[in-house]
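So you know, we letter chains A, B, ... as the sequences are listed, proteins then strands, and number each from 1. Heavy atoms only: backbone and side chains are in, while hydrogens, waters and symmetry mates are out.
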Protein chains: 2
Amino acid sequence: MDGGVSRPARTSPGRVTPDRIPQATVARLAVYLRVLTEMLAEGVRTVSSDVLAAAAGVNAAKLRKDLSHIGSSGVRGVGYDVSRLTEQVESVLGLTRSHAVALVGVGNLGHALAGYGGFAQRGFGVAALFDVDPELVGTTIAGVEVLDVAQIPRVCAARGVTIGMVATPAAAAQQVCDAMVGAGVRSILNFAPAVLSVPAGVEVRKVDLAVEMQILAFHVSRRPDGTIPDATEKVYG
Amino acid sequence: MDGGVSRPARTSPGRVTPDRIPQATVARLAVYLRVLTEMLAEGVRTVSSDVLAAAAGVNAAKLRKDLSHIGSSGVRGVGYDVSRLTEQVESVLGLTRSHAVALVGVGNLGHALAGYGGFAQRGFGVAALFDVDPELVGTTIAGVEVLDVAQIPRVCAARGVTIGMVATPAAAAQQVCDAMVGAGVRSILNFAPAVLSVPAGVEVRKVDLAVEMQILAFHVSRRPDGTIPDATEKVYG
DNA sequence: TGTTGTGAAAACCTTCACAGCG
DNA sequence: CGCTGTGAAGGTTTTCACAACA
């Protein structure tokens, strides 16, 4: 994608397909962005794929291929302009606009999520909080009032919520999800240990602590002794 | 694998390799386990791959292949014995033993994690809590005393911690990680927005809220209108 | 019959290695 | 010279489709 026309590919005659970006790449772009932001704050102007890849914990060739998908333009023999690349990644991830987030379930975990500072930082404003518990409804968390779940359809639609977070018990998750989808929410982050079924066109991602722990448990039990499978140093995001 | 010897493959002459289980499969086994547990509680005795797959939000063929990796034994024309399969999956995931977990950083998120009930439920006991903040050190959360991070090496080793959770700010994460690895911890769940570098043989998994949100943002911005890319109903874990 | 287990094909992702350019 | 961008190779994961079997 070297210098010429930046977004070549299309698939069907009327619809421009901006060179489909692989799922795996999208997930890593978010990681690169964090590293780039840090570098920018430190005053770094230019970075090579080697250095950026190391900081992000990935292979350099993979990073270059990822960037090639977003039509990046590094300079051979030099590297990437940190500032320019940051903007490109932000643009691709849709972070140039802000996103109104609704969080349902302000119990243990939900409360922590509502108070998490990293949100507003990146243009994700907590636009609404919901719960069923009458004890919690009416209270204020991080400056936002907790509303009754019955208000989900009305409030999500009114406040233009684009991303919903489900932090309810498993039993309530599907119902809450349906309410949000009905209100036009198209992207949901699910913390409840339940499978959500949604109509096509709605994106669900899941964060499941129990699953993560069990994957780690698997690896623990594979190495009862102190065997070291490989001698190279590994880096993880 | 049908009926005969259950774990055939080996690779090197002295070391039995129990038929390497793909990463992707391990992650899904944890999901199947949750569904199986629910079914067991409901008194379901037998389940087909179709039904189990639907409940877990995956393709039936994929589920069968996953189960084939753990040497499962369903009955043709009937399905899987829920109770037996549950035990098999638990065994493969290493959940027959309990795991001592240490959590470092009991701020906003860490506090919520410490109080999260789903832990003990599955044999993950919170064996130790740590923080730097003198205000927090000495307090008790969910029945466990918060200790100073300086105690990490001694206490983790003494209490036989096998899984560590890092819920500190990014700047402290690597240091905390090093301390745990030094104490013999081989599996780490990282909530801090930082890349951890660890010696080979240590497994790190990462949960990053900001990354998840940005992936969703990407999908939001790909669908500014109400286009529905595909007509089939989708199910997500 | 109904359902599993599994080869084979397809899709997807990663890594290598180097031409090409600044 | 150093570094990017990428074709090609290699690996992993998903899906298909059907033989085998209770």
Please write out each protein N/O paired with an N/O of nucleotides 8-10 of chain C under 3.5 Å, distance rounded to 0.1 Å.
| from | atom 1 | to | atom 2 | distance (Å) |
| --- | --- | --- | --- | --- |
| C:dA8 | N6 | B:Lys65 | NZ | 3.4 |

Set out, line by line, the N/O atom pairs under 3.5 Å between protein and nucleotides 11-13 of chain D.
none

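Contact check, A:Ser48 against D:dC3: no side-chain N or O comes under 4.0 Å of OP1 or OP2. Contact annotation: A:Ser73 does not reach the phosphate of D:dT4 (side-chain N/O to OP1 or OP2, under 4.0 Å). Checking the phosphate oxygens (OP1, OP2) of C:dG2, no side-chain nitrogen or oxygen of B:Tyr80 falls inside 4.0 Å. Side-chain N/O atoms of A:Ser49 include none lying less than 4.0 angstrom from OP1 or OP2 on D:dC3.
Side-chain atoms of B:Ser72 come within 3.5 Å of backbone atoms of B:Leu67 as a donor-acceptor pair (strictly under, hydrogens ignored). Side chain of B:His99 to backbone of A:Leu216: no donor-acceptor contact under 3.5 angstrom is found. Side chain of A:Thr25 to main chain of A:Ile21: no donor-acceptor pair is present (N/O by atom type, distance under 3.5 Å, no hydrogens or angles). One N or O on the side chain of A:Gln88 and one on the backbone of A:Gly71 form a donor-acceptor pair closer than 3.5 Å.
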Kindly indicate, with the supporting measurements, whether the criterion side chain to side chain contact (heavy atoms under 4.5 Å, CB included) is fulfilled by A:Arg34 and B:Val195.
CA-CA 10 Å; A:Arg34 196 191 57 232; B:Val195 174; 3.8 Å; yes

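Contact between A:Ala56 and A:Tyr32 at its shortest, heavy atoms only, is CB-CD2, 3.7 Å.
A straight line from CG of A:Leu52 to P of D:dG2 spans 20 Å, rounded to a whole angstrom. With rounding to whole Å, A:His69 atom NE2 is found 11 Å from C:dT14 atom C1'. Residue B:Leu63 contributes atom CG, which lies 9 Å from atom P of C:dT4 at whole-angstrom precision. Per the geometry, CG belonging to A:Asp50 stands 14 Å off P belonging to C:dT15, to the nearest Å. Atom CG in B:Leu67 sits about 9 Å away from atom P in C:dT4, given to the nearest Å. Rounded to whole Å, the distance from CZ on B:Arg64 to C1' on D:dT14 is 13 Å.
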Under 3.5 Å, which donor-acceptor pairs link side chains of residues 44-55 of chain A to any protein atom two or more places apart or in another chain?
| from | atom 1 | to | atom 2 | distance (Å) |
| --- | --- | --- | --- | --- |
| A:Ser48 | OG | A:Val51 | N | 3.3 |
| A:Ser49 | OG | A:Arg64 | NH1 | 3.0 |

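Comparing A:Val75 and A:Asp66 by the nucleotide of DNA chain C whose heavy atom lies nearest to each, the residue mapping closer to the 5' end is A:Asp66.
For B:Tyr116 and A:Asn108, the side-chain atoms include no donor-acceptor pair closer than 3.5 Å.
Distance from the side chain of A:Asn59 is smallest to C:dC16 among D:dC16, C:dC16, D:dG5.
With a 4.5 Å cut-off on side-chain heavy atoms, A:Cys177 and A:Asn190 do not count as touching.
A donor-acceptor contact under 3.5 Å is not formed by the side chain of B:Arg76 with the base of C:dG2.
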